[in-house]
Amino acid sequence: MGSVIPSLVEMFRRLHNFLYTNSNIPRAERLGAEIVRLLFCKIYDELNGMSLFRINSNDTPQSVGERLRETFEKVKRRFPDTFMPNEVIHLDDKSIYEVVRILQPYRLLEADRDAISEAIHAFYGPSLRGEKGQFFTPSNVVRMCVKILDPCAGERIIDPACGSGSFLVASLSHVGTKGGANIYGIDKEIDMVKISKTYLALIGGAHQNIYCLDSLAPHRWDSRIRQIISDESFDVVLTNPPFGAKIPVKDKDILTRYNLARIWKQRGRTWIPIETLKPQPPQVLFIERCLQLLRPGGRMAIVLPDGLLGNSRDRHIWHFVFTQARVTAVISLPPETFLPSTHTKTSVVVLEKVPDRPEEDYPIFMAIVDRVGHDKNGKPLFKLNENGQFVFDEIGNKIIDDELPIVEEKFRDFRRGHLKPADFDRLGFIVQRQKLRDHILVPQYYNPETEQEIERLSKSGKYVMITIGELIKRKVLTIKRGHEVGSIYYGRGPIPFVRTTDIVNWEVKIDPVKGLPEEIYERFRRKQDVRPNDILLITDGTFLIGRTAIVTEADGKMVIQSHIRRIRCLKPHELHPYLLLYLLNTRFVQQQIKDKTFVQATISTVGARLHEIVLPIPKDAQERARIIAEVGAIIELKKQARTRIARLLERPLS
């Protein structure tokens, strides 16, 4: 039995660097094809006794190279419709020897993450990833999707954007090899099709059911294939389609076949498509294509970028979906899920196609996952106890910090009707269809832990719970957005252009990098009207949303960026700016800001949802006075420090 691989990402990265520097094949794409051939030799050997992919005591690079080339011939003979007859391993003997040396101790079929996908990540690079919107799904996400849909032997299963075949392999493992004949895959990339075919065949699946086609253009398929993969003929769809605004589908011949390729207009509480077509990101069309493939009663799990779930311009998509299917579950994944390939925030959406128009109200399972077992570099993330120490299992191994298995259990409870309000937390809760606000499907927006805290504070009787929007209506607050001035003016003058990175620890950075000319300041002075005691709140960006600063007399002139909101307390006797600064920085309010931050295009934003933030204003006048005094003392110390720094720097050198 081989060892369990601690980090496939790191291992394949090291292997790639070695081969790129030392092998006879310097191009990354060609290296990818070579390593895939060797990987399948390795998997073939694991299935047949582990006697070939190894280095024996009397082996030389030449003998290992010869043995692996002979092994690849066996792989080709076993799968003649996958590999070309003249296909060979071109890698030199020394490089083959090194690959075998590194991989020999391990069993790839027992790895926690899909070996084939990890190899593609490392070796194929952007030619098969970012430029084409292809991001390979981590195996723990794949397993969760398969377990949630729970396909059975005899059900027809398809992945219309199958990539390296992860969903197909996991489905085969779930239903057993007898169900392999009912598993289908489609991908536009011939290399991906070849990998999927071989990978599925090696573990006993029907590799002949993998096709190199454009899933979005079935009208261009051969008539025989259209009969095999026909609309409303599949019980289960599992997919992670290519996504990205930079790779829109523009082919009118394709667009005319999709309702979601049309421009939609809102009419009251509904949306209506008009005839005009519009280029669409592929993920939008894939939603409709997957629904076309599903039979009534069929179910699907699809990985989608979060922008589709919360952007106001995409609400028509969910209006359309709700006319075709029930949304069974939405599971929010953390940004680290697809790193180091992409930081795109995604969620898994689970749907069930219904024969007639879905009912108006039903429960939707939601979950907010923070940890998926690896960090932003793809390295394993281990559980820590309250003291920050590693947690070990019964045999002394560190436990991977992966919350997806907990979500699987919570979903099973939900399906059985056992998930009760008392059990709700971020890893499993229910939102009724009628409680969805404006077709928003972002789980964080309905975070039950935040709702529970709002209820707890309300019941305590100690606070006036009031939204920022209500304070604006009562003319207690005003909010203005900053502006963009154009990079052409950066560094052209002494007036600070305050950007998100300039707001740190409640104050504006002393020496902002970008200075503007006086005339640019005058252009925006009246529009922005920034004064002492105004609060600056970052509402757009990536990691800095929620940061605040308070403007003081020491700050002087400034122009603020469009990602920043200027908040002014109009009635300090009702809500003092120091009290507001404190409230905005409490964990309770910061969590609300996080919950209401949605991905929009390439950045995240709180948007108009800022008005929904609930502020817990203490009812006790003495408590309010104490907070105001303490914050005031801190601000005064900061002002004094800035003054001392300025005086020190003004001294001439002797």
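No hydrogens, no waters, no symmetry mates; every other heavy atom, side chains included, goes into these values.
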- Query: In terms of ring plane angle, is the pair Y20 and H16 parallel, tilted or perpendicular, where the classes change at 30° and 60°?
  - Reply: parallel

- Task: Please answer whether the main-chain N or O of L52 pairs with a side-chain N or O of D45 as donor and acceptor at a distance below 3.5 Å.
- Result: yes

- side chain to side chain contact (heavy atoms under 4.5 Å, CB included) against E98, all qualifying residues, sequence neighbours excluded: F18, R101, I102

- Query: If only atom types and distance count, is the side chain of N56 paired as donor or acceptor with the main-chain N or O of N58 below 3.5 Å?
  - Reply: no

- Task: Mind checking ring pair (Phe, Tyr, Trp, His ring centres under 6.0 Å) for F72 and listing every partner two or more places apart, or none if nothing turns up?
- Result: F83

- Message: For A153, give me all partners under side chain to side chain contact (heavy atoms under 4.5 Å, CB included), at least two apart in sequence or on another chain.
- Response: none

- Message: Tell me whether K353 contacts the main-chain N or O of L291 through its side chain, where contact means a donor paired with an acceptor under 3.5 Å.
- Response: yes

- Message: Suppose the criterion is salt bridge (charged side-chain N to carboxylate O under 4.0 Å, His left out): which pairs have a residue in residues 49-58, not counting sequence neighbours?
- Response: none

- Message: Working note: R426 + D370, criterion side chain to side chain contact (heavy atoms under 4.5 Å, CB included); need CA distance, chi angles, decisive distance, verdict.
- Response: CA-CA 9 Å; R426 64 177 177 83; D370 286 342; 3.4 Å; yes

- Task: Could you tell me which residues satisfy salt bridge (charged side-chain N to carboxylate O under 4.0 Å, His left out) with E66, sequence neighbours excluded, listed by chain and number?
- Result: none

- Query: Given the rule in the salt bridge (charged side-chain N to carboxylate O under 4.0 Å, His left out) test, do D150 and R415 qualify, once you have shown the distances and angles that lead to the verdict?
  - Reply: CA-CA 12 Å; D150 193 22; R415 291 300 262 178; over 6 Å; no

- Mind checking whether L255 and L285 have side chains closer than 4.5 Å, heavy atoms only? yes

- Between F365 and F414, what is the ring plane arrangement, given parallel below 30°, perpendicular above 60°, and tilted in between? tilted

- Message: Checking R69 now: which residues fulfil salt bridge (charged side-chain N to carboxylate O under 4.0 Å, His left out) with it, not counting sequence neighbours?
- Response: D93

- Query: Would a distance-only check, ignoring hydrogens and angles, find a side-chain to backbone donor-acceptor pair under 3.5 Å from H374 to E336?
  - Reply: yes

- Hey, is the main chain of V372 close enough, under 3.5 Å, to the side chain of N140 for a donor-acceptor pair? yes

- Main-chain N/O of L260 paired to E288 side chain as donor or acceptor, under 3.5 Å: yes

- Message: Strictly distance-based, threshold 3.5 Å: is any side-chain N or O of K398 a donor or acceptor partner for the main-chain N or O of F382?
- Response: no

- Audit row: V100, D59, side chain to side chain contact (heavy atoms under 4.5 Å, CB included) steps and yes/no: CA-CA 12 Å; V100 173; D59 267 330; over 6 Å; no

- Task: Mark yes or no for whether E403, through its side chain, and R371, through its backbone, hold a donor-acceptor pair below 3.5 Å.
- Result: yes

- Name all residues meeting the side chain to side chain contact (heavy atoms under 4.5 Å, CB included) criterion together with I228; count only those two or more places apart in sequence or in a different chain, and write none if there are none. R156, Y184, Y211, R224

- Residues forming a side chain to side chain donor-acceptor pair (under 3.5 Å) with S171, sequence neighbours excluded: none

- Task: Could you give me the CA-CA distance, side-chain angles and deciding distance for K74 and E70, then say whether salt bridge (charged side-chain N to carboxylate O under 4.0 Å, His left out) is met?
- Result: CA-CA 7 Å; K74 295 178 182 178; E70 291 173 2; over 6 Å; no

- Is there a side-chain contact between I225 and L213 (heavy atoms, below 4.5 Å)? yes

- Task: Verify, without hydrogens or angle tests, whether E352 (side chain) and T328 (backbone) share a donor-acceptor contact under 3.5 angstrom.
- Result: no

- Residue pairs passing the ring pair (Phe, Tyr, Trp, His ring centres under 6.0 Å) test with at least one member in residues 137-170, sequence neighbours excluded, are none

- Audit row: T71, K42, side chain to side chain donor-acceptor pair (under 3.5 Å) steps and yes/no: CA-CA 9 Å; T71 302; K42 166 68 171 161; over 6 Å; no

- Query: Can you name the residues that form a salt bridge (charged side-chain N to carboxylate O under 4.0 Å, His left out) with E87, not counting sequence neighbours?
  - Reply: R37, K194

- Message: The criterion is side chain to side chain contact (heavy atoms under 4.5 Å, CB included); which residues satisfy it with S215, sequence neighbours excluded?
- Response: P160, I186, F286

- Query: Between P218 and R289, is any pair of side-chain heavy atoms under 4.5 Å apart?
  - Reply: yes

- Message: Does this structure show an ion pair linking R143 with E408, if we count only N-O contacts that are shorter than 4.0 Å?
- Response: no

- Item | Distance-only donor-acceptor check, side chains D253 and H219, under 3.5 Å | yes

- Task: Would you confirm whether R299, through its side chain, and L149, through its main-chain N or O, come within 3.5 Å as a donor-acceptor pair?
- Result: yes

- Item | D425: partners by salt bridge (charged side-chain N to carboxylate O under 4.0 Å, His left out), with sequence neighbours left out | K410

